[in-house]
Amino acid sequence: MEDELQGYRGPARDLLQRAGVHVGDEVELELANGGTISGTLMPRYEHADDEHVTVKLRNGYNAGVAVSRISSVRVLGRARPEPTAAQQVHRVKGDVIIIGTGGTIASRIDYRTGAVTPIFRPEDLYSRVPGLGEIANLETELLFNILSENMTPEHWATIAERVGRAISEGYRGVVITHGTDTMHYTAAALSFALEGLPVPVVLVGAQRSSDRPSSDASSNLKGAVLAASRGDFSGVYIAMHRNLSDREIAIHRGVKVRKNHTSRRDAFESVNSRLAAVVDLSSMEVRKLADLPPRGDPGSLKVKPRFDRRAFLLKYFPGMDGGVIDGLVDAGYRALILEGTGLGHVGAQIHGSIRRAVEKGIFVGMTSQCIWGSVRMTVYDTGRDLMRAGVVPLGDMLPEVALVKAMWLLGQGAGAEEMRSLMPSDMRGEISERRYIEDVRE
Amino acid sequence: MSASEGGSALDYRSLGAKVGIELHRQLDVGGKLFCGCSTAREDGSKSFRRVLLPSESELGDVDPAARFEAARGMEFEYVYGDSSSCLVEADEEPPHDVNRRALEAAITVALLLGSTIVDEVHVMRKIVIDGSNTSGFQRTMLIALGGSLKFGEKSVGVLTITLEEDAARNLGSDGRVKKYGLDRLGIPLVEVSLAPLEISSAQDAVDAAAALGRLLKSTGMVARGIGTVRQDLNVSIAGSGIVEVKGVQELPLIAKVVEFEVRRLSWLKEVAAELSRRGVRPESAVGEIVDVTGILSRAKGGVVRKSIAGGARALAVLARGYRGLLGSEPYEGVRVGRDLAAIANAFGLGGIIHSDELPNYGVDEDMVEEVRAALAAGPDDAFVIALGDAEVARRVLEAVSGRLRDLVSGPPAETRAPTPDGRTKYMRPRPGSARMYPETDLLPIPITDAMRARLRENLPLPWDRQVSELASKYGLSAKLADEVLDSERYDLFREAVKMGVKPSVAATVITETLVSLRREGLDVDSVSDDQLRRLFSAIASGRIAKEAASEVLRAVASGRAPDVDSAAEALGISALDDAALAALIAEVLDRNERMISERGDRALGPLMGEVMSKVRGRVDGAKVSEMLRLKLKERLGRSS
């Protein structure tokens, strides 16, 4: 049951409760100085204070009225309940299935209250994103709807299983809507969990909320659907804006991509890798920019969705206390991914704790907080010492990807030896042999 | 219907004429409203492109022409420079906290108008679909309600005071791509909406707008200059809808626009009355749209023949009871047909043709009769034709039909734009009810008692006090001080004084000199602030004499010279140095030997006149007088 005084707490809530009013009612507020303010009672933001009441005036503007100035509240008219459309799963045969996990890709605004409701049915998406219907027949399913910072490895597993079932159901491609904050973690997780993936699985999100006309949601979605249905490649990818203009959608390899800006449309960058493909929205073309695995036989897919949470990503900083590592080991962690400095270094003061971890059978792998470039621990003494202590260099693998890979390998039951041999070897394209000369930042 | 003279013939009171004024003014508060970018104009050299696809619900009440435009998808190119734009303008970063000084400026205005300030300010998003905001909406917030503005002996109520961001600068179109400059996007605007004012003449509206303008300027926090102020007028008469005239830039234009609108509205009331007498009702006002290309293809020449030969279709619609009413022009520019043409323009057509202006354009009497027959027109009926692409022509006639139906009930509500000559032209059927919803990226802003008290204690001095202080500080007459303080170039006055220009000189140049040049018909607005700065700098250094200012500015404003320095050179009025002046004076004295010997000292007067006419403003009059006196004395001393 929805709270009829949504967002109100403390003195404001008391006042409204005593007056018997609900959000959406037409109210008249009599003020202590004799004036009146009338309008519609609006919900209150959770993070606003509890000393004001929010009213939408006749002219459309919202304003806050101090509770201390209100002498009485009169109800002029009751809110009419708005009919809500039920969330449905459509079982119409389609080319591409869009699985929703969060990150609203399309929404409807109630201009009266300001409420934003996600829309997810294919017919709503077709009308909200003109041209989408011509690209592919769509089916949609809302798996869950959570902020991506609240995702856990259990969610990754659920998504992997659902994708696996979709592929056996015969879809040409899968699109997954996702919050942008941890989209690259999920992309990595799916890359490992979906072994022998025969079709493209494209994660997509939006940096600008979908309620605004300028939202990047529609163009990103179109790019994702184009890639999923028409791309002649397989694998896990992320589709987001290539630059600030709305013309091109970048298709990034799921294990070579990172969110590198808090707010820009082109926040996602392919790191240590060329962009996999680009979708030109004016010509509706999907252009490959690199060698990518081809599509294959649905029978080749093996879904391995287990992740073991006992892996940790630790960013080194000058003067870090080795006790942190001892603590992690004692807490039962099985794998430690270090984000070292430069070519893969950490301060000498923690070498002892690292050695102890390795001796106890914990996998310790090295990535770099430079993000760009590969670790190379043979160059300096520090690196050599660390390798002798048992640290495993992880090439140019991104720290976040290394963490997810470790969780996955542990989840598959890998022991210490398998960790040492499988972590540094390329399984899904997460470690590249070569890095091109020209700037590949896209 | 006979033509009559002008607004003076109409009785505004009995017509129930009302004007609601909305004044928007940019604020000069050290940054934009939601970020710290510079508000100075910047012609950017970089750009990016965006597509905006508003949804059906966003379009909402948007008129048919705009909907047609939007449905085709719109692409925009946004041009930017690094000092006036950042990620916020590009809609690549959430807005920063509201500029505190802008908030204080708006609250100060509210205090001056006696308005009730809200306890908590909520920033809203107002959907905008023409691309002038990169995010697809304008951020706006309500600051205060109510209050009143006094002007002379009268007063008018205040409806609302809002604080909002200005839109991107329109840079025209490149084919189907509309270009905008981001330098203007986000500049803080304070908007004051006045209650409808009952006017007995257009001057009432001007007086109210002028008084409001002064009140805003008195805060010292508003920007000055071209493009910093915009006035919208909501004009109505009894029995009419409210007509919104958007973007009236200057005060003198307000009077003309109000007069034009009152004339236009009173005429449309008469049209409605006549239609009623002829038995026309809204439902029966128009007929079906009929293709008459066959009939008109026989046109013997003119625009009709050319269009059809080029592939255009001719569609026609019956306007029942409108005979004589489409083309009748009781006042200059007031004509139903003119607004129908503007509707066609909105859809991209050049105009329409109506029966009151036929036969013409290659269409003869016979063809007119055939069209009338095809439309089953009666003796009192008229028709309207649109020539062009079949779908566009049809949409135009659908919109025209809508208007012809609306007119039966009286002058409709609509949005119009002012034209430079003080008329208005039709823009949209009615002001769209703007879609507005909360800006959830920003928390509401409480307005504390402490803040109110502090601002109340620091209210700016009333206008008259500021004028007399300015007058006494700079030794100006009260009239000149008032004009200077009110001038859009006021900031330049202060700069000039700082440069060392005599205050009275600077004041005169930016007020009386520019005004008189404008009266000569010159485009004074085209003289940039920068050019005026150069002029002042030259006057301060003595390179140009103050007397020459008018001539130099005339040359620049008329386009004869590209800038102040070349104007001075071309006019040969770069200042005379002492040696040259001495030589000139010597020459004059030589020529007037006889008069000098006859009159002695008293020759000074006529000599002065002759020298000054030769000097032509290249030297300060006082300097000439001093040197001439000296030289004359020498001469007289010698001869005696």
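What you are looking at is a predicted structure, and each value in this text was computed from that prediction instead of being measured. So that the names make sense, note that chain A is the first sequence line, chain B the second, and so on, each numbered from 1.
Among all heavy-atom pairs drawn from A/Phe268 and A/Ile238, the shortest one is CE2-CD1, 4.0 Å.
A salt bridge does not link B/Asp130 with B/Lys178: none of the charged nitrogens is closer than 4.0 Å to a carboxylate oxygen.
Contacts between B/Thr140 and chain A at a heavy-atom distance below 4.5 Å involve backbone atoms as well as side-chain atoms. With a 4.5 angstrom heavy-atom cutoff, B/Asn133 does not touch chain A via any of its atoms. Interface remark: A/Asn59 contributes backbone and side-chain atoms alike to the contact with chain B (heavy atom separation under 4.5 Å). Contact of B/Leu87 with chain A is made through the side chain alone, with heavy-atom distances under 4.5 Å. Residue A/Arg208 touches chain B through its side chain alone, counting heavy-atom pairs closer than 4.5 Å. In this structure, no portion of A/Thr262 lies under 4.5 Å from any heavy atom of chain B. With a threshold of 4.5 angstrom between heavy atoms, B/Thr134 approaches chain A through N, CA, C or O but not through any side-chain atom. Proximity to chain B is absent for every atom of A/Leu281, based on heavy atoms less than 4.5 angstrom apart. Using a 4.5 Å cut-off between heavy atoms, B/Leu145 touches chain A through its side chain atoms alone. With a 4.5 angstrom heavy-atom cutoff, A/Arg265 touches chain B via backbone and side-chain atoms both.
Between the side chains of A/Glu51 and A/Ser68, not a single donor N or O lies within less than 3.5 Å of an accepting N or O. Between the side chains of A/Glu30 and A/Thr36, no donor-acceptor pair of N or O atoms lies under 3.5 Å. When only modelled atom types and interatomic distance are considered, A/Arg212 and A/Ser215 share no side-chain donor-acceptor pair under 3.5 Å. Counting only N and O atoms by type, the side chains of B/Glu42 and B/Ser84 include a donor and acceptor under 3.5 Å apart. Between the side chains of A/Ser214 and B/Asp91, at least one donor N or O lies within less than 3.5 Å of an accepting N or O.
Under the 3.5 Å distance criterion, the side-chain polar atoms of B/Arg50 are left unmatched by any main-chain donor or acceptor of B/Gly131.
Considering only heavy-atom pairs separated by less than 4.5 Å from chain B, the leading option among A/His261, A/Gln207, A/Arg44 is A/Arg44.
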